[in-house]
Amino acid sequence: MESTQQPSIPRIDTSRVQRICKMDLVIPIGAEIVIHTIEQGKRFQTTFIGLIKNEYLLVKHPEQLRQIQLAPNAQINVRYISGSLVFGFSSTVAAIITKPYPILFIDHPECYETLNLRQDDRIQCFHPVVIFKDSQEEKGKLTNISKSGCRIIINEQEKGSAFADLDAQTEIFCTLQLPDSEEELYTKGLIRIIEQQKNKIRLGVQFIDQEEYVRTAIEHYVATTLEYLEGE
């Protein structure tokens with residue numbers, strides 16, 4: 001007899017949700033915004049187009065919203081993603097205009113919540129790193145790091161280089177030295193992201209088969225740096 005049990009839905013770890021009050025939201029122009037209308041129980045997606053500091057958020061007034069007939073003072077929930085952060089807040093519709101462009105004005109919330117999609121703390125940095133592939137090596141810069149991975153920038157490569165045709169799932173080895181340690185750290189990595197930036201190549205690397213002493217050293221460096229920054 002087949003089971004009729006529904007698959008479990010992963011729960012958000014609410015302990016990682018941060019509530020922030022009396023601070024401006026930072027939303028990239030063109031960001032996709034999801035709005036949930038409380039009274040009608042409808043959800044729709046639109047685009048962020050501007051901000052009036054401490055007063056209103058401006059989003060495009062889409063055609064489907066006009067059919068919902070949302071009115072000023074209506075209660076809404078707003079969600080959007082910026083980088084690795086999910087933002088969410090409750091607010092009210094301040095006004096709706098149709099000319100010269102259909103715009104929905106949303107009252108700037110007093111408080112909002114954020115959730116970091118990354119499980120590991122990650123810090124920005126700029127340290128030398130050497131990567132190895134097929135007995136060749138290339139020097140680069142480490143631009144951020146966590147215990148699970150890092151971002152590396154290297155120069156654009158000429159044909160014939162082992163690093164000229166990198167792709168996702170390529171395995172490399174990395175040697176790096178953190179400022180708070182005299183010991184070089186040697187770890188294996190798997191390329192997950194490749195981005196071309198003018199004459200540079202940006203690599204997103206996931207650490208794999210990592211030895212315990214390497215993981216511990218990186219965790220200590222990240223934690224120490226975050227503690228210092230939070231104390232400023």
Side-chain angles (χ1 to χ4, degrees), residues 16 25-33 45 47-49 80-87 114-230 232:
R16 296 194 298 117
L25 282 160
V26 178
I27 311 179
I29 298 296
E32 295 181 348
I33 305 291
Q45 184 172 298
T47 304
F48 176 75
I49 57 177
Y80 69 94
I81 296 177
S82 179
S84 63
L85 293 176
V86 177
F87 290 78
T114 66
L115 171 66
N116 195 331
L117 296 176
R118 289 191 175 121
Q119 295 292 333
D120 302 328
D121 288 326
R122 181 178 297 262
I123 60 167
Q124 305 297 314
C125 57
F126 196 69
H127 304 314
V129 62
V130 180
I131 60 175
F132 300 86
K133 181 180 179 292
D134 298 340
S135 301
Q136 294 187 31
E137 67 177 69
E138 177 68 20
K139 294 180 180 179
K141 292 294 184 182
L142 194 70
T143 59
N144 70 36
I145 190 169
S146 73
K147 67 179 181 182
S148 60
C150 66
R151 289 293 179 109
I152 296 172
I153 292 181
I154 61 174
N155 291 324
E156 189 175 32
Q157 301 293 299
E158 298 180 356
K159 290 184 178 180
S161 166
F163 304 96
D165 299 311
L166 295 174
D167 54 28
Q169 307 303 315
T170 297
E171 290 187 1
I172 60 173
F173 289 90
C174 308
T175 298
L176 55 103
Q177 186 168 355
L178 301 177
D180 61 349
S181 173
E182 297 181 357
E183 184 176 14
E184 283 193 337
L185 305 179
Y186 186 69
T187 184
K188 189 176 181 180
L190 187 67
I191 295 177
R192 292 296 192 185
I193 300 172
I194 302 175
E195 298 173 338
Q196 188 75 36
Q197 297 182 333
K198 294 184 179 179
N199 61 340
K200 304 290 184 182
I201 301 173
R202 187 182 182 199
L203 306 175
V205 179
Q206 176 188 351
F207 296 139
I208 56 175
D209 301 335
Q210 198 174 47
E211 294 190 37
E212 185 62 31
Y213 84 94
V214 176
R215 175 182 288 266
T216 300
I218 293 174
E219 285 182 328
H220 179 266
Y221 170 63
V222 171
T224 301
T225 303
L226 287 175
E227 182 179 1
Y228 172 79
L229 292 175
E230 290 170 357
E232 287 186 334

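Throughout, numbering of the chain's residues begins at 1 and tracks the sequence.
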Under the ring pair (Phe, Tyr, Trp, His ring centres under 6.0 Å) test, which residues partner H127, sequence neighbours left out? Y221
Count the heavy atoms of every other residue, nucleotide or ligand shown that sit under 6.0 Å from CD of E32, and state whether that count exceeds 12. no
Minimum heavy-atom separation for F163 and E137, please, with both atom names. CE1-C, 3.7 Å
To the nearest 0.5 Å, how far apart are CD in Q124 and CZ in R151? 9.5 Å
Side chain to side chain contact (heavy atoms under 4.5 Å, CB included) for V129 and T175? Distances and angles first, verdict last. CA-CA 6 Å; V129 62; T175 298; over 6 Å; no
Between NZ of K198 and CD of E156, what distance do you get to the nearest 0.5 Å? 12.5 Å
Stepwise side chain to side chain contact (heavy atoms under 4.5 Å, CB included) check, F207 with V214: CA-CA 10 Å; F207 296 139; V214 176; over 6 Å; no
Nearest heavy-atom approach of Q169 to L190 is O-CD1, 3.1 Å
Which atom pair, heavy atoms only, marks the closest approach of G189 to V205? CA-CG1, 3.7 Å
Roughly how far apart are L178 CG and T224 OG1, rounded to 0.5 Å? 10.5 Å
Within this structure, what is the CZ-CD1 distance for the pair F126 and I153, rounded to the nearest 0.5 Å? 7.0 Å
Is the number of heavy atoms from other residues, nucleotides or ligands under 6.0 Å of E158 CD greater than 12? no
What are the two closest non-hydrogen atoms of T187 and I208, and how far apart are they? OG1-O, 4.3 Å
Do L203 and I131 have side chains that get closer than 4.5 Å, going by heavy atoms? yes
Interatomic distance, NZ@K141 vs CD1@I154, rounded to 0.5 Å, equals 13.5 Å
Carefully, step by step, assess I191 and D167 under the rule side chain to side chain contact (heavy atoms under 4.5 Å, CB included). CA-CA 7 Å; I191 295 177; D167 54 28; over 6 Å; no
Could you walk me through whether F48 and I29 pass side chain to side chain contact (heavy atoms under 4.5 Å, CB included), step by step? CA-CA 6 Å; F48 176 75; I29 298 296; 3.7 Å; yes
Residue pair K133 / E171: nearest heavy atoms and the distance that separates them: CG-O, 4.3 Å
Closest heavy-atom pair and its distance - I194, A168: CD1-N, 3.9 Å
Is there side-chain contact between Q196 and R202, with at least one heavy-atom pair below 4.5 Å? no
Between atom CD of E138 and atom CG of N155, what is the distance when rounded to the nearest 0.5 Å? 6.0 Å
